[in-house]
Amino acid sequence: MDDQISSTTPSFGLQHEEGEHRADKHVNSLRDEATDFSLREAAADVSEVDEILDLAGGAKDALERHRSTLPRTEEPLLDFSDPEPEPPSTSKPEPEAAKPALIGAFGDATSKPTKPEEKKEKTVTPSKSSCSLVDLLYWRDLQRTGVVFGASLFLLLSLSVCSIISVLSYVALALLSVTVSFRIYKGILQAVQKSEDGHPFKMYLDKDIAIPTETVHKYSDTVLVHINTVVKELRRLFLVEDLVDSLKFAVLMWILTYVGALFNGLTILILGLIGAFSWPVVYEKHQAQIDHYYGLVNKQIKDVVGKVQAKIPGAKPKTE
């Protein structure tokens with residue numbers, strides 16, 4: 001048994017050595033093939049580079065021959081020579097002109113500017129005071145309009161009964177009675193509750209109520225423009241620049257004499273105040289009917305005025 005084991009052991013070692021030798025040969029052959037492949041690739045790359053250089057050289061030679069045939073005034077299409085350095089210029093660079101848009105086959109611009117300059121129309125926005133006045137006259141805010149209308153009407157009615165000095169005195173006394181009573185009430189309440197709330201009208205006392213000079217100049221300029229317009233119109237009417245307009249003004253003054261005999265100035269103001277706060281709402285609800293009848297009346301007046309102008313010598317109707 002021992003002899004058999006010893007006889008088979010050397011044969012197994014030989015077989016193992018032969019297997020390792022074969023593996024080494026296979027690895028070496030693979031390395032040789034990889035080396036040959038890399039050499040062939042490098043040779044192919046070198047040949048391709050040589051072909052490219054040959055093509056570039058041939059193109060350069062052909063270009064040089066073409067340049068030699070060109071006249072001196074004509075410039076070549078391509079120039080492979082090194083450009084000469086330009087001398088530094090001391091003048092300021094001129095701004096580039098705007099490039100026109102490319103025109104396509106159908107006459108439309110193929111390229112549009114990224115930020116087109118659009119002319120912004122100036123929109124006249126109504127002022128805040130005019131908006132608040134319109135809201136008052138159209139009763140947008142019932143509580144606010146009611147307070148303003150009631151106070152104004154009460155003041156005018158008081159002026160119609162008493163003198164302006166008495167009205168101002170009574171109004172001042174009423175305001176003082178309200179403010180003094182409220183001040184005493186808040187003082188007693190703070191003493192009972194032992195709180196330090198301060199003056200009850202502190203918020204209004206700290207508020208700046210000074211009128212800005214810009215506002216004064218603005219409204220004074222507006223009033224001055226209206227005064228100058230009225231003075232020029234009165235001069236034109238009284239000096240009879242236009243006979244028809246002067247006659248219209250005379251008729252208006254004649255009608256006002258009857259109005260003055262029936263009403264005084266305060267009554268007219270009261271009627272005007274009531275009309276200002278009632279007429280816009282009525283017109284807004286019945287606009288179509290009012291416009292229709294107003295058009296009929298206006299047409300009749302124009303016809304009458306035209307007949308009068310035709311009978312008055314030297315009166316020429318205005319061309320609208």
Side-chain angles (χ1 to χ4, degrees), residues 121-138 145 148-149 152-153 155-157 159-160 163-164 167 211-284 286-320:
E121 298 181 355
K122 294 182 179 179
T123 57
V124 180
T125 57
S127 61
K128 187 176 180 180
S129 60
S130 62
C131 291
S132 61
L133 180 61
V134 171
D135 293 339
L136 283 175
L137 295 179
Y138 280 91
T145 305
V148 173
F149 176 68
S152 302
L153 186 60
L155 179 63
L156 291 177
L157 291 175
L159 289 173
S160 63
S163 64
I164 186 171
V167 171
I211 301 175
T213 56
E214 294 82 4
T215 305
V216 175
H217 289 306
K218 175 184 175 182
Y219 287 104
S220 62
D221 294 340
T222 305
V223 172
L224 184 61
V225 169
H226 289 296
I227 291 174
N228 291 330
T229 304
V230 171
V231 170
K232 290 180 181 179
E233 187 66 20
L234 291 175
R235 182 187 64 179
R236 188 181 70 85
L237 292 173
F238 281 104
L239 297 180
V240 196
E241 182 180 356
D242 189 347
L243 180 59
V244 177
D245 290 343
S246 297
L247 290 176
K248 289 179 181 179
F249 182 69
V251 172
L252 178 62
M253 294 296 104
W254 178 67
I255 293 172
L256 288 179
T257 57
Y258 287 96
V259 174
L262 296 175
F263 310 103
N264 56 13
L266 285 175
T267 306
I268 295 175
L269 287 177
I270 293 171
L271 294 176
L273 179 67
I274 296 173
F277 279 90
S278 60
W279 173 251
V281 179
V282 175
Y283 180 74
E284 189 177 17
H286 307 284
Q287 183 175 1
Q289 294 86 347
I290 293 174
D291 289 341
H292 174 68
Y293 290 110
Y294 173 76
L296 294 177
V297 173
N298 192 20
K299 184 178 179 182
Q300 293 294 330
I301 293 174
K302 285 184 178 179
D303 294 339
V304 173
V305 172
K307 292 177 181 179
V308 173
Q309 289 178 353
K311 292 181 179 180
I312 297 175
K316 296 180 180 180
K318 292 184 179 180
T319 58
E320 295 182 356

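Keep in mind it's a predicted model, so treat the numbers as computed, not measured. All values below were derived from every heavy atom in this structure, side-chain atoms included, with hydrogens, water molecules and symmetry-related copies excluded.
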I want to check something: taking the side chain as every heavy atom from C-beta on, are Leu137 and Phe149 in contact at a cut-off of under 4.5 Å? no
Atom pairs and distances, side-chain donor-acceptor, residues 254-270, under 3.5 Å, sequence neighbours left out:
| unit_1 | atom_1 | unit_2 | atom_2 | d |
| --- | --- | --- | --- | --- |
| Thr257 | OG1 | Trp254 | O | 2.3 |
| Asn264 | OD1 | Thr267 | N | 2.9 |
| Asn264 | OD1 | Thr267 | OG1 | 2.5 |

Just how far is it from atom CG of Asn298 to atom CG of Asp303, taken to the nearest 0.5 Å? 9.5 Å
Separation between CD1 of Ile227 and OG1 of Thr222, rounded to the nearest 0.5 Å: 11.0 Å
For Ser246 against Leu237, the heavy-atom pair lying closest together: OG-O, 2.8 Å
Run the side chain to side chain donor-acceptor pair (under 3.5 Å) test against Asn228 and tell me which residues pass, sequence neighbours left out. none
Pairing residues for Phe238 by the side chain to side chain contact (heavy atoms under 4.5 Å, CB included) criterion, not counting sequence neighbours: Leu234, Phe249
Step through the shown structure and confirm whether more than 12 heavy atoms of other residues, nucleotides or ligands are within 6.0 Å of CG on Leu252. yes
Heavy-atom closest pair (Gly275 atom, Pro280 atom, distance to 0.1 Å) is O-CD, 3.8 Å
Between Thr145 and Leu136, which heavy-atom pair has the shortest distance, and what is it? CG2-O, 3.0 Å
Minimum heavy-atom distance between Val216 and Ile211, given as atom pair plus value: CG2-CG2, 3.6 Å
Reported OH-to-CD distance for the pair Tyr283 and Gln289, which is rounded to 0.5 angstrom: 11.0 Å
Rounded distance (nearest 0.5 Å) linking atom OG1 of Thr229 with atom NE2 of His226: 7.0 Å
